[in-house]
Amino acid sequence: MLTRIRNANMVKHQIVQIPSTKMSIAIAKILKEEGFIEDFEVYNENNKNYLLLSLKYIGKSRTSVISKLKRISKPGLRVYSNSKELPRVLNDLGIAIISTSQGVMTNLKAKELGIGGEILCYIW
């Protein structure tokens with residue numbers, strides 16, 4: 001999902017189609033709440049669910065709101081953090097998306113709740 005968003009962002013596409021999973025829907029909700037995407041929609045085509053993300057750009061030059069998206073935890077090397085050592089992305093100008101026992105959330109919300117988890121990605 002993250003690679004599809006990154007690639008579409010580089011070539012300035014308006015919408016991105018992603019196979020829908022519970023994790024991708026949770027990440028899309030966070031991206032919308034934080035203002036990195038305009039909107040998202042789940043639709044069904046040939047008995048498969050897809051997620052349509054509408055990317056957000058600023059001005060006539062269409063500069064992207066997402067300037068960098070970096071995957072942290074990979075299948076070969078999972079990265080976990082406790083609540084005291086959660087990362088700060090650009091002094092809280094960006095966000096880290098964290099998968100916790102209470103669901104997928106940003107680093108700021110996880111710190112507020114006092115829980116840690118797997119660090120999925122950084123976005124700024």
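Excluded from the calculations below are hydrogen atoms, water molecules and symmetry mates; all remaining heavy atoms, backbone and side chain alike, are included. Given the structure is predicted, the values throughout are model-derived calculations rather than measurements.
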- [ ] Begin with the C-alpha distance, continue with both residues' side-chain angles, and end with the deciding distance and a verdict on side-chain contact (heavy atoms from CB on, under 4.5 Å) for Asp92 and Leu108.
- [x] CA-CA 8 Å; Asp92 294 333; Leu108 303 174; 3.5 Å; yes
Review point. Does some side-chain heavy atom of Asn49 sit less than 4.5 Å from a side-chain heavy atom of Pro19?
Key: no
Interatomic distance, CD1@Ile18 vs CZ@Arg4, rounded to 0.5 Å, equals 7.0 Å
Correct closest heavy-atom pair for Lys84 and Lys111 would be O-NZ, 4.3 Å
(Q) Any heavy-atom pair between the side chains of Ile115 and Met105 that's under 4.5 Å? (A) yes
In this structure, CG of Asn9 is separated from OG1 of Thr3 (nearest 0.5 Å) by 12.5 Å
>> What I'd like to find out is whether the side chain of Val42 reaches to under 4.5 Å of the side chain of Tyr50, using heavy atoms alone.
In response: no
d(Cys121 SG, Leu2 CG) to nearest 0.5 Å is 4.5 Å
Distance col, row Ile123:CD1 vs Ile97:CD1, nearest 0.5 angstrom, shows 4.0 Å
**Study point:** Validation row: Gln102, Leu113 side chains within 4.5 angstrom (heavy atoms)
**Key:** yes
**Asked** Are Ser73 and Glu118 linked by a side-chain donor-acceptor pair shorter than 3.5 Å?
**Response** yes
Smallest heavy-atom separation, Arg6 atom then Arg71 atom, equals NH2-N, 4.2 Å
Within one Ile-Leu-Val-Met-Phe-Trp-Tyr cluster: Ile119 and Ile5, side-chain cutoff 4.5 Å: no
Can you get from Ile58 to Ile66 by hopping between Ile, Leu, Val, Met, Phe, Trp and Tyr side chains that sit under 4.5 Å apart?
yes
Within a 6.0 Å radius of atom NZ on Lys109, are there more than 12 heavy atoms belonging to other residues, nucleotides or ligands?
no
In a table with atom names and distances, give each donor-acceptor pair under 3.5 Å that connects a side chain of residues 21-33 to protein atoms at least two apart or in another chain.
from	atom 1	to	atom 2	distance (Å)
Thr21	OG1	Ser24	N	3.1
Thr21	OG1	Ser24	OG	3.2
Ser24	OG	Thr21	N	2.9
Ser24	OG	Thr21	O	3.0
Lys32	NZ	Asp39	OD1	2.9

What one should report as the nearest heavy-atom pair of Val89 and Asn107 is N-ND2, 4.3 Å
Please check if Tyr122 and Leu93 belong to a single hydrophobic cluster, counting links between Ile, Leu, Val, Met, Phe, Trp and Tyr side chain heavy atoms closer than 4.5 Å. yes
ask   = Does the side chain of Trp124 reach to within under 4.5 Å of the side chain of Ser67, using non-hydrogen atoms?
value = yes
Exercise. For Lys68, look at atom NZ and say whether over 12 heavy atoms of other residues, nucleotides or ligands are found less than 6.0 Å away.
Key: no
Taken to the nearest 0.5 Å, the spacing of Lys12 NZ from Thr63 OG1 works out to 6.5 Å
What verdict does the side-chain contact (heavy atoms from CB on, under 4.5 Å) test give for Leu86 and Ile98, after you've listed the backbone C-alpha separation in whole Å, the side-chain angles of each residue and the deciding distance to 0.1 Å? CA-CA 9 Å; Leu86 286 172; Ile98 301 185; 3.2 Å; yes
Cluster overlap Val16 with Tyr43, hydrophobic side-chain contacts below 4.5 Å:
no
Residues Ile15 and Ser54: closest non-hydrogen pair is CG2-CA, 4.1 Å
Would Thr106 and Glu34 count as a side-chain contact (heavy atoms from CB on, under 4.5 Å) here? Give the steps. CA-CA 9 Å; Thr106 64; Glu34 297 294 324; 3.8 Å; yes
- Item | Non-hydrogen side-chain atoms of Tyr57 and Val65 separated by less than 4.5 Å | no
Separation between CG (Leu53) and CZ (Phe40), nearest 0.5 Å, reads 8.0 Å
